[in-house]
Amino acid sequence: MSEKLKPSNRLMNVAAYLPKGAIFADIGSDHAYLPCHVCMQDSTAKAIAGEVNVGPYRSAEETVNHYNLANMVDVRLGDGLAVIRKGEIKQLVIAGMGGTLIHAILENGKDKLKSVERIITQPNVDAKSVRTWMVKNNYEIIAEEVIEENGHFYEIIVGDLNTSGNTLELTEKELLFGPLLLQNKSDAFYSKWKQEMEKLKFVIIQMKQANVPVNDKISQFQSELEWIREEIQDGKNNP
Ligand SMILES: C[S@@+](CC[C@H](N)C(=O)[O-])C[C@H]1O[C@@H](n2cnc3c(N)ncnc32)[C@H](O)[C@@H]1O
């Protein structure tokens, strides 16, 4: 099929972290645009498109059949990593969902990850939850990006299985902002955290006005606000 598939820039940025000849699963694949795009670009790649919901699963099958990719992209219905057999994949993609759900999918499917050298995630929110899972489970964060699409900010977090024997550690601040993102702050990083700061200020005001203010939570958010101020005050989008 010569017709080109044009996934979103967000998905293309995620796909760019797969090596040539990838043998991977895309969990929560929806229309299977990512695995189809990768397999159309690389005839040596092999993919599993996993979906827990029947509607998106059928959409994935449709895309795969439309582009005659059934010999390269295997569409499977099931929850998280339950669709994968042990040792079957070398890379894993989980994109376009909350960090807490990504964390749960990784944690529940841990036994399927022994052969997985690279995990590429794109949490829409709660990226901290993904970093926390990676550091606890010996995946070293080797790349991070903040991207903006249609007014939303997304993070991409890539972890490689740590074979050095060294214990991985991240500070609370690194877990929140990203260890690599902190070292090399992009325009999108400043814009994202400026937006987060405004949201957080609003939440704190609302919480203080509540009939029963939750003081612990308020002080946690205030410390987070202070961290954000510290990290973006050197930037182009000064608060
Ligand atoms: C918003 S879509 C993201 C689709 C695509 N990955 C992307 O980034 O554009 C999230 C998809 O994840 C699927 N999903 C949610 N929880 C899942 C789980 N536990 N296992 C597999 N798929 C899941 C949903 O059915 C939905 O199709």
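Whatever order the structure lists them in is the order used to number ligands and atoms, beginning at 1.
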Structural part of V14 in contact with ligand 1, heavy atom criterion under 4.0 angstrom: neither
I94, portion touching ligand 1 at heavy-atom distance under 4.0 Å: neither
So which protein heavy atom does [atom] come closest to, and at what separation?
atom                    : answer
atom 27 (O) of ligand 1 : E51 OE2, 2.6 Å
atom 12 (O) of ligand 1 : G28 CA, 3.3 Å
atom 19 (N) of ligand 1 : D79 OD1, 2.7 Å
atom 16 (N) of ligand 1 : L101 CD2, 3.7 Å
atom 17 (C) of ligand 1 : V52 CG1, 3.5 Å

NZ/K20: more than 12 non-hydrogen atoms of other groups inside 6.0 Å: yes
K173 atom NZ, over 12 foreign heavy atoms within 6.0 Å: yes
Can you sort out which atoms of ligand 1 are near [X], meaning under 4.0 Å from one of its heavy atoms?
X    : answer
M97  : 12 (O)
I105 : 18 (C), 19 (N)
L11  : 7 (C), 8 (O), 9 (O)
G80  : 18 (C), 19 (N), 20 (N), 21 (C)
N53  : 24 (C), 25 (O)
R10  : 7 (C), 8 (O), 9 (O)
P56  : 25 (O), 27 (O)

Output yes when the distance from some N or O of ligand 1 to some N or O of [X] is under 3.5 Å, and no in every other case.
X    : value
A95  : yes
D26  : no
Q122 : no

Ring centers of W193, F153 separated by less than 6.0 Å: no
Nearest atoms (heavy-atom pairs only) where A143 meets L180: N-CD1, 3.5 Å
Nearest atoms (heavy-atom pairs only) where D42 meets A22: OD2-N, 4.2 Å
side-chain contact (heavy atoms from CB on, under 4.5 Å) evaluation trace for L106 with L92: CA-CA 10 Å; L106 292 168; L92 173 65; 3.7 Å; yes
Any donor-acceptor N/O pair, S43 side chain to C39 backbone, under 3.5 Å: no
Pairing of E88 and R76 as salt bridge, 4.0 angstrom limit: yes
side-chain contact (heavy atoms from CB on, under 4.5 Å) between N9 and I147, worked out: CA-CA 9 Å; N9 285 335; I147 47 171; over 6 Å; no
Option among I120, I141, T121 that satisfies the side-chain contact (heavy atoms from CB on, under 4.5 Å) test with V158: I120
Worked check of salt bridge (Lys or Arg N to Asp or Glu O under 4.0 Å) between E196 and K128: CA-CA 14 Å; E196 289 296 322; K128 180 179 176 181; over 6 Å; no
Heavy-atom proximity to atom 1 (C) of ligand 1, best of G96, A104, A82: G96
